[in-house]
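Note sheet for the following structure.
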Amino acid sequence: MTAIMSHQLKIVYFAWVRERLGRDQDNIDCPENVETVGQLLEFIRSEDVAYEDVFADIEKLRFALDQDFVGLDAAIDTAKELAIFPPVTGG
Amino acid sequence: MTAIMSHQLKIVYFAWVRERLGRDQDNIDCPENVETVGQLLEFIRSEDVAYEDVFADIEKLRFALDQDFVGLDAAIDTAKELAIFPPVTGG
Amino acid sequence: MISITVQENDFDSGGEINRLSALGGGAISSFVGQVRGDEQLQALELEHYPAMTENALQKIADKASQQWVMHGITIIHRVGRLQVGEQIVLVCTCSDHRQAAIAACSYIMDQLKTVAPFWKKEIFQDGTENWVKERQSDLDAAKSW
Amino acid sequence: MISITVQENDFDSGGEINRLSALGGGAISSFVGQVRGDEQLQALELEHYPAMTENALQKIADKASQQWVMHGITIIHRVGRLQVGEQIVLVCTCSDHRQAAIAACSYIMDQLKTVAPFWKKEIFQDGTENWVKERQSDLDAAKSW
């Protein structure tokens with residue numbers, strides 16, 4: 001057996017990230033060599049040019065892995081859900 | 001005419017000052033040579049021994065002249081009402 | 001809009017908040033003080049100096065208005081006999097910004113504790129009474145502004 | 001007693017204050033944020049991340065409970081479309097001491113602004129829309145604790 005190891009990851013989008021992408025989630029196969037949030041962003045940008053515009057200014061994005069805020073260097077590990085959104089503005 | 005100049009002053013008491021004196025106000029003739037709140041206290045203590053106990057620890061008393069907080073050295077001048085009470089404890 | 005009330009009756013904190021909300025400031029801060037059931041306490045007797053009280057509270061509210069841009073300030077302080085659990089005081093402030101609303105509310109409470117002519121007498125279940133003493137922490141808080 | 005609610009419906013600030021008052025702490029601080037009628041604003045659209053929101057608010061309340069001795073904390077945050085003048089958020093805190101109640105309420109609001117997953121879209125009378133941007137002053141306030 002030489003199957004490439006991967007795991008299913010749900011990506012959810014909020015606010016203008018959701019609006020610009022035109023959808024609120026994606027389900028992707030996360031290849032084993034994609035280890036961090038930053039690497040995952042690179043991977044999905046390479047898969048679909050639609051992400052280029054939205055993810056152009058990465059400074060404006062925030063991330064949560066399984067509902068916890070994380071940075072770009074966070075390990076995806078066995079996480080099930082990555083959220084991508086602008087800085088929060090509640091209250 | 002050699003009448004001694006004086007002016008009517010109402011003294012009002014609150015909280016334990018009122019309770020210990022057993023009344024909530026006095027009306028006194030304030031002699032002209034009594035110029036400050038401190039001097040007035042001395043004057044009324046000399047007039048009535050009932051004040052001795054209540055005014056013994058002057059540090060524990062606060063004063064308002066015509067409804068404004070004042071210290072012992074405040075000039076009574078033409079004030080109409082002196083209030084004597086413990087430190088406030090509202091809220 | 002400054003509203004100052006000294007009354008025996010209870011008050012409706014939500015109604016007062018809604019009244020200030022209607023001014024449209026966006027940020028409404030409020031504080032409610034009530035009779036805490038310490039030890040064997042049964043009630044508080046709240047005494048005040050009627051000729052001076054509202055004026056003293058007005059001055060505090062005026063100073064808050066000078067320090068922060070406010071849409072409205074409401075102060076309600078009860079007097080008379082208040083049982084454990086009853087509300088004593090409400091301070092409610094409305095501003096465009098939450099920091100201003102919260103700071104003004106906190107400032108007003110701190111000043112009220114040290115310059116508004118109210119006195120509290122504790123009445124215990126065994127019938128004994130005690131005039132509450134001023135607290136150094138309240139004096140310090142009032143001076144901190 | 002920590003109560004966290006995310007809902008579309010309006011809330012009754014007075015009822016929430018009274019619920020915390022019933023815990024007998026003596027000091028109840030609250031903050032209400034509402035949609036301010038800036039410029040040509042008609043409404044706000046409040047979006048959130050349902051799987052994360054309540055947990056994020058719970059963490060904020062837990063941290064406040066560790067920092068100050070609290071009897072109760074209530075956080076209600078609305079989502080959906082809110083017209084100018086409508087209430088958005090309520091934070092209500094109950095403690096034995098006013099400084100603790102007020103500080104915790106202020107802390108929770110500051111944290112909520114920067115770590116709770118809500119996003120506001122402004123909808124103007126001419127139909128244009130704008131996602132609200134984060135403010136440096138909010139980030140600074142959250143870091144100040």
Side-chain angles (χ1 to χ4, degrees), chain C residues 10-38 41 44 71 82-110 112-113 135 137-138 140-142 144, chain D residues 10-38 41 44 71 82-110 112-113 135 137-138 140-142 144:
Chain C
D10 198 11
F11 52 78
D12 167 21
S13 58
E16 299 300 333
I17 288 173
N18 292 344
R19 199 170 314 193
L20 286 197
S21 298
L23 302 176
I28 302 100
S29 177
S30 75
F31 178 84
V32 172
Q34 59 175 171
V35 184
R36 198 172 57 212
D38 289 345
L41 189 71
L44 289 182
H71 289 285
L82 303 175
Q83 305 295 318
V84 165
E86 284 198 74
Q87 302 187 111
I88 304 169
V89 61
L90 169 75
V91 173
C92 192
T93 56
C94 177
S95 170
D96 275 358
H97 305 291
R98 74 180 183 287
Q99 284 97 343
I102 292 171
C105 186
S106 180
Y107 168 86
I108 291 168
M109 276 305 302
D110 283 348
L112 189 156
K113 287 257 176 189
R135 290 166 44 191
S137 62
D138 286 334
D140 294 343
S144 71
Chain D
D10 198 11
F11 51 78
D12 167 20
S13 57
E16 299 302 332
I17 288 173
N18 292 344
R19 199 171 314 192
L20 285 197
S21 298
L23 302 175
I28 303 100
S29 177
S30 76
F31 178 83
V32 172
Q34 59 174 171
V35 184
R36 198 173 57 212
D38 288 345
L41 189 72
L44 288 182
H71 289 284
L82 303 175
Q83 304 297 317
V84 165
E86 284 199 75
Q87 303 187 112
I88 305 168
V89 61
L90 170 75
V91 173
C92 192
T93 56
C94 177
S95 171
D96 276 357
H97 304 290
R98 76 180 184 288
Q99 283 97 343
I102 292 172
C105 186
S106 180
Y107 168 86
I108 291 168
M109 276 305 303
D110 283 348
L112 189 157
K113 287 257 175 188
R135 290 165 45 190
S137 61
D138 286 334
D140 294 343
S144 72

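We name chains A, B, ... by the order of the sequence lines, and we start the count at 1 in each one. No experiment lies behind these values; they were computed from the predicted model shown.
- Remark: D38(C) pairs with R36(C) by the salt bridge (Lys or Arg N to Asp or Glu O under 4.0 Å) rule, at least two apart or across chains.
- Among the residues in residues 98-106 of chain C, those with a non-hydrogen atom closer than 4.5 angstrom to a non-hydrogen atom of chain D are R98(C), Q99(C), I102(C), S106(C).
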Run the side-chain donor-acceptor check on residues 16-32 of chain D: report pairs under 3.5 Å with partners two or more places apart or on a different chain.
unit_1	atom_1	unit_2	atom_2	d
N18(D)	ND2	G14(D)	O	3.3
S21(D)	OG	I17(D)	O	2.9
S30(D)	OG	S30(C)	OG	2.5

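- Against chain D, the residues from residues 89-96 of chain C that qualify, each with a non-hydrogen atom under 4.5 angstrom away, are D96(C) in number order.
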